[in-house]
Every structure is written in C-alpha cells, then in structure tokens.
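Below is one structure, written out as structure tokens; comments come after it.
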2 protein chains.
Amino acid sequence: MQEFNINICLIEDDETIREGYEYLINNTEGYKVTGSFPSYEDAAKKIARCEPDVILLDVELPGVSGIDAIPKLKKLVPEAHVIILTVYEQELQIFRALGNGAAGYMTKDTPHERILTSIKEVMSGGGPMSSQIARMVIQSFQRNEESPLTPRETEILEQISTGKSRKRIAEELFIDLETVKSHIKNIYSKLNVHSKADAIKLAKDNKFI
Amino acid sequence: MQEFNINICLIEDDETIREGYEYLINNTEGYKVTGSFPSYEDAAKKIARCEPDVILLDVELPGVSGIDAIPKLKKLVPEAHVIILTVYEQELQIFRALGNGAAGYMTKDTPHERILTSIKEVMSGGGPMSSQIARMVIQSFQRNEESPLTPRETEILEQISTGKSRKRIAEELFIDLETVKSHIKNIYSKLNVHSKADAIKLAKDNKFI
DNA sequence: CACATATCCCCCAAAACAGGTTATTTATAC
DNA sequence: GTATAAATAACCTGTTTTGGGGGATATGTG
C-alpha cells in the first residue's frame, strides 16, 4: 500500500523526547528510524551507515551544537535533509541554522502529526517551518516604513551597498555624478554619519535598505 | 459557537476564481468576505470601509500589479494582513512581495482547506507559505559549498561588502593593511574581477558570501 | 617536501570619497 | 498661491582609497 519508505535519524540528548519521536515514527507506515543518537559526536561515527533521508536535529546538544553540526552532517551524508527541532525561537539561531544548510525549522511544541508531514515536505522539496518561525523569516525581508530617506536616496544607498562607485551609479541611473554626490550628502546628514560604511550599517540595522 | 470573526477582502481579476474563494469563505463559520474587487484601483476606493483583517491579493492584476499594491493597501488599511495568491513561483517576485510587506505567500493550487488555515495563521502572527515557496525562501539564506574562496578570504569579502575600507577591515581583524590587500588581490584573481563592485556582485550571485 | 593559507613589505598613479555652498525644477501640501 | 519637499545639477577644497606590480615569511597538512 505505502509507496514510500523514508529513513530517519534522530539526534537529541533528551532520552524521553528521543524515544517519543522514535516510537511515533516507527509506528507510522512508510517511516523508519534507522539511527538515534544523543549527540553529534555519537552520530558522526555511525550515521553514514544509517543512510538517512532526513535527520531530525536538536539545537541544544552537549558538545558540538546542533547549529554547528549541520555542515558536518551534510559532509557525512550529503543526500540527507536536516530538520531542526528546538524549543527556542531565537532569530539569530534560526538564521544561522538556515545559513548552515537546514532544510526546515520546527519548534518542539509542534503536534506529532505535523512532524510527519514536515518529513514528507522536505522529501518533496519543501521547506517546513513552524508558523512563528515563518513569520520571523518573512519579517527579515521587510523594510522599515519609518525610513527618513526618500525613495531616490534609498535607491542610491542600495547601489552604494553593492560596492558601486558614485560614477557608476550616476551612469546606471542616467543622472549626473554631482547629483549622486548631492544625494549622498543628504543621506549622510539625515543618518548622521560620515562614511559609506556607517551609512550602510545604520541603514541595514534599521531596515531602511 | 465560533469564537472569532475574520473579515476578508479579495483582489483578483479572474471572476470565476474570485467567486470560488468568496463562496468558500462565506460558507465557513467565522470567516466573512466584506469586499471583493477585480483590481487595485477598484479596491482602493472602498476597501477601508470593508475593514479587512486579511486581504487575499493576486499578483497578476490589470493596472497596478499585486506586488506594487501591497504598500498602498497597507497605507489604506494598516491593520490588514496581506496574503499573496499566485500561480507563479518566481523567486524575484516572492522576495519583492515579502519585501513590500506581504505576510504570507501561497500558490493557487493550494487546497481550499489550507487557504482557510493560512488566514487563521496570519491572524495569530504566523507567516503562511506554500511548501515550495518556503524552500526557496530558506535557500536564499544558504551558502554555496563550492566557493573557491578560503574562509579568511570569504570573511574579508564580507567585510568589503559592508562598505568598510581596507584600513578599517585591517584594524577590526587585527591584521596589517598589507595583509588585507594581499587577500583582496587573491580574491580578485580567483573570481576574475578587477573591482570590488564586481567581486561583491559575483560572490553574492554565487552565494559565496 | 610540496602546497595551501595566512601573514607582511615596498612602490605607483588613478580613482573615489567627504564636505562646503548654491541653485533650478517639479510636485504636493496647506 | 505660496510654502515645502524632492530630485536634479554645479563649483570648490582637500584627503583617502583603490587596484595592480613586484616580492617575502611563517605555519601548517597531506
């Protein structure tokens, strides 16, 4: 009946939680736990032989943290999709995990049913995230409405942040070099900075660009 | 029985699709369509009086595109959460929509049931996304493993991309200006470029930084 | 040992940058 | 209709940065 068979490995130091997931997964048709480890160090030795399709990875691990374990695991089993499981919803942690190659990010209060669909989702090219995590990720793309910069000033500061020279910016926007310089002077004055590095940093921190 | 009552507005030029969603939503307890428009221009006049909690917005609209309509709608009804509904999954479009303030992004092949849960999700601070969209968003955070740059070179190129001068980078990394220059020469040579703007662009396009 | 990586040193000329001041045009606001 | 904000352009002064050329030295790892 069941068309698929997904191998899953768990890395989680809390034995109770680990056994809970293990029980859940092994009792669902099509899913099988082929490895279960309390730390990255333990997993490293044997995980390749478990041939996991999906790795459920805790962030708060003894020794190597879950975040730092992601790239190492990807080297050991490149085909595996890593889904982070954590109690925390810290922005920095989320972005570091995703940057390190996590394919999904779920909080531990997620219903068991959702964990199983998350596994199926990564297998079919999706990126499962808890709803609050998704909101944080989306927010990281959004601009600050309260920017003191005009649209043109914002545009020019964006160009500067790509490393382009004023001359090149002028050419690409079909305006005079002097005009670009004027805009930059106004930008610096509004942001109260005296260099492009400071302008870029302040603007990025405040999501003006 | 029902504890909530969510006002929804639709902006969608295809009448059949629009009426389909309208029927679906109005026949679900707790959800009500208070406005339904074929274009942004039509919506702009009346939408404030509809007091929407959620706006379902098509991207392919006649006149003002859905993407450009987002900030305008947010000005008209700041409390409303905008969910994009589209047939396309174009990366650039997704990021522009999210950057413009969309709280969710769903493809039109989404089951009707999922549309309703998406509406509930945005109302409780979530960020609903189709699974493929979520993967693309997650991928935008990830680095290229095949970078030709060494860790130190990557670090320095990252610093350059923030607009810092070589002198400042040297100070912050506690190395000599000449060392920074050497690294930059190597970076340019590896990437086959002759300016920081080109190096930054190439590195970002290829996700080396 | 060779190789990669990271570090430091010298030189040069062209380009880019920061800041000061003023002015015109256009559009929106009151 | 007259302020006001935004975008445009010009002229001036310096200082700093940049990109490219040539090297050299240490420190690891396979």
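Being a predicted model, the structure only gives us computed values, none of them experimental. Below, chains carry the letters A, B, ... as their sequence lines are ordered, and counting in each starts from 1. These numbers come from the heavy atoms of this one structure, side chains and all, not from hydrogens, waters or symmetry mates.
By the 4.0 Å N-to-carboxylate-O rule, A:Asp205 lies close enough to A:Lys201 to be salt-bridged with it. Contact check on A:Glu178 versus A:Lys181 returns a salt bridge, with a Lys/Arg side-chain nitrogen under 4.0 Å from an Asp/Glu carboxylate oxygen.
Following rounding to the nearest Å, A:Leu177 (CG) and C:dA16 (P) show an atom-to-atom distance of 9 Å. Regarding A:Phe174, its CZ atom lies at a distance of 12 Å from the P atom of D:dA9, rounded to whole Å. To the nearest angstrom, P of C:dC17 lies 7 Å from CD1 of A:Ile184. If you take NE2 of A:His194 and C1' of D:dT16, they are 16 Å apart, rounded to a whole angstrom. Atom P of nucleotide C:dC17 and atom NZ of A:Lys181 are separated by 10 Å, given to the nearest angstrom. B:Asn186 has its CG atom 9 Å from the P atom of C:dT5, to the nearest Å. B:Asp176 places its CG atom 18 Å from the P atom of D:dA24, with the value rounded to the nearest Å.
Within the nucleic acid shown, B:Lys196 comes within 4.0 Å of sugar-phosphate atoms alone, with no base atom in reach, counting heavy atoms only. Counting any heavy atom pair closer than 4.0 Å across all strands shown, A:Ser182 reaches a base atom.
Across C:dA18, D:dG19, C:dA6, the shortest atom-to-atom separation from the side chain of B:His183 is found for C:dA6. Considering only the side chain of B:Lys185, D:dG22 comes nearest among C:dA18, D:dG19, D:dG22. The side chain of A:Thr179 sits closest to D:dT8 out of D:dC11, D:dT8, C:dC8.
The minimum heavy-atom distance linking B:Ser36 with B:Glu22 is given by the pair OG-OE1, 3.0 Å. Considering every non-hydrogen atom in both A:Leu57 and A:Val82, the closest pair reads CD2-CG1, 3.9 Å.
Contact annotation: B:Tyr188 reaches the phosphate of D:dG19 (side-chain N/O to OP1 or OP2, under 4.0 Å).
A residue-by-residue look at B:Glu178 and B:Leu173 shows that B:Leu173 has its nearest nucleotide of DNA chain C further toward the 5' end.
Taking a 6.0 Å sphere around NZ of B:Lys204, one finds it holds more than 12 heavy atoms contributed by other residues, nucleotides or ligands.
A heavy-atom distance below 4.0 Å to DNA chain D is reached by these residues of residues 150-171 of chain A, ordered by number: A:Thr150, A:Pro151, A:Arg152.
At least one donor-acceptor pair closer than 3.5 Å links the side chain of A:Thr34 to the backbone N or O of A:Cys50.
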Item to complete: Starting from the C-alpha separation in whole Å, work towards a yes-or-no answer on side chain to side chain donor-acceptor pair (under 3.5 Å) for A:Asp176 and A:Thr179.
Response: CA-CA 5 Å; A:Asp176 197 275; A:Thr179 309; 5.0 Å; no

